[in-house]
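We're numbering straight along the sequence, starting at 1. Excluded from the calculations below are hydrogen atoms, water molecules and symmetry mates; all remaining heavy atoms, backbone and side chain alike, are included.
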Amino acid sequence: MKATEMMKLASKLIAPESGSANAELQMADSNPPFEKTYEALLGSSGKSDEEPAKSGRGAAVAENLPLIDLGRLEKVGCEREECKREIVEASKGWGFFQVKNHGISKELLERISVEQTKVFRQPFEKKQNKKLSAFSPDSYRWGAPTATSLQQLSWSEAFHIPLAADHGHTTVHNDEHSLRWTIEEFAEAVSNLAQRLARILGEEAGEKSSYFADNCSSRTCYLRLNRYPPCPISSKVFGLMPHTDSDFLTILYQDQVGGLQLLRDGRWITVKPIQDALIVNIGDLFQAWSNGAYKSVEHRVMTNSKVERFSVAYFMCPSHETVIESFQQPSMYRKFSFREFRQQVQEDVKTMGCKIGLPRFLNGCNLEA
């Protein structure tokens with residue numbers, strides 16, 4: 001399929017014509033039952049529309065993220081070094097930046113958009129009942145099972161895909177072959193990009209350039225397909241509640257709908273989508289590993305009352321046994337394994353409704369549960 005034909009198909013899948021009854025029925029059939037499942041939470045919010053600031057959402061301002069042209073890394077001399085310097089400065093000052101000329105083809109980005117839209121268009125019951133053989137049985141997630149308030153509810157669904165999963169002996173349909181093949185191709189391309197960026201950041205910090213290649217392989221990382229359905233109470237509920245990422249690096253490809261926001265200097269910044277650009281953000285592990293030099297920044301996704309949003313996120317993670325320890329002393333954080341970090345995050349979400357993250361691992365800090 002040519003790129004132009006694929007874009008037309010993606011447009012039809014992502015934004016069905018408003019007058020199409022079949023399209024509306026298809027979307028309704030695929031949406032998770034948020035209203036029914038969280039009826040008690042939604043009812044307790046009252047009928048009047050709260051101000052965003054009162055619900056903890058806060059007002060946001062539009063501001064451009066650093067946009068870095070990675071094509072300059074192919075140059076020699078000053079231009080290459082300037083590009084590396086921009087990557088380091090953005091990671092220290094923002095914790096977020098966008099990249100263009102990143103080496104992932106427009107055709108592959110269009111293809112992953114089409115494939116993820118098709119899989120989310122499956123009936124909810126099929127997704128919920130784990131009947132998609134292209135993924136592991138527990139990959140589908142939606143909402144927030146532990147939410148006790150609207151501020152803890154995420155109006156979204158996702159397929160969280162361990163790249164180590166082996167489906168080689170599973171019988172799949174032709175369309176699932178296409179999905180799996182596209183995911184594998186995309187994961188390999190974005191993994192190479194993540195390794196390249198991490199190597200630059202590691203070398204700047206004075207660490208061995210092989211650290212990330214040794215500890216973050218294709219079998220330890222994850223890909224997450226995200227969909228944010230239209231939300232009738234978009235002023236009260238997050239698409240994804242505020243959080244930081246529990247990895248080294250996250251690389252995100254999003255559509256043009258928008259909704260991603262990050263916290264900077266006490267203000268929420270709205271990230272304006274740039275066609276074919278990728279968003280890169282620092283995760284908790286990189287902040288701890290760099291002794292706080294690189295910033296893992298809180299971010300969130302806002303809901304939209306009329307339009308659905310799609311994104312694909314790649315999480316650069318080490319093996320569970322990998323010990324995270326700063327090479328700089330004295331260290332802000334005690335050393336910990338990735339397994340220990342994940343278990344603590346899961347425990348906090350279960351018992352407190354939200355992630356605590358790195359503050360739990362500060363040296364000399366003993367936070368009570």
Side chain [X], main chain [Y], donor-acceptor under 3.5 Å:
X	Y	result
Ser217	Arg219	yes
Asn291	Met332	yes
His160	Asp138	no
Ser105	Leu108	yes
Asn304	Gly259	no
Glu321	Pro318	no
Ser91	Ile87	yes
Tyr294	Leu201	yes

What's the spacing between [X] [atom1] and [Y] [atom2] if we round to 0.5 Å?
X	Y	atom1	atom2	result
Ile112	Leu225	CD1	CG	6.0 Å
Ser296	Leu285	OG	CG	8.5 Å
Phe212	Trp289	CZ	CH2	4.0 Å

Is it true that [X] and [Y] make a salt bridge, defined as a side-chain N closer than 4.0 Å to a carboxylate O?
X	Y	result
Glu82	Arg72	no
Glu110	Lys106	yes
Glu347	Arg360	no
Asp284	Lys355	yes
Glu89	Lys92	no
Glu81	Arg85	no

Would you please say whether a donor-acceptor pair under 3.5 Å links the side chains of [X] and [Y]?
X	Y	answer
Tyr228	Thr303	no
Glu188	Asn192	no
Trp142	Gln128	yes
Glu298	Thr244	no
Thr146	Gln152	no

In terms of relative ring orientation, are [X] and [Y] parallel, tilted or perpendicular, with 30° and 60° separating the classes?
X	Y	value
Tyr38	Phe34	parallel
Tyr140	Phe159	tilted
Phe286	Phe248	perpendicular

More than 12 heavy atoms from other groups under 6.0 Å of CG on Asn64
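Open.
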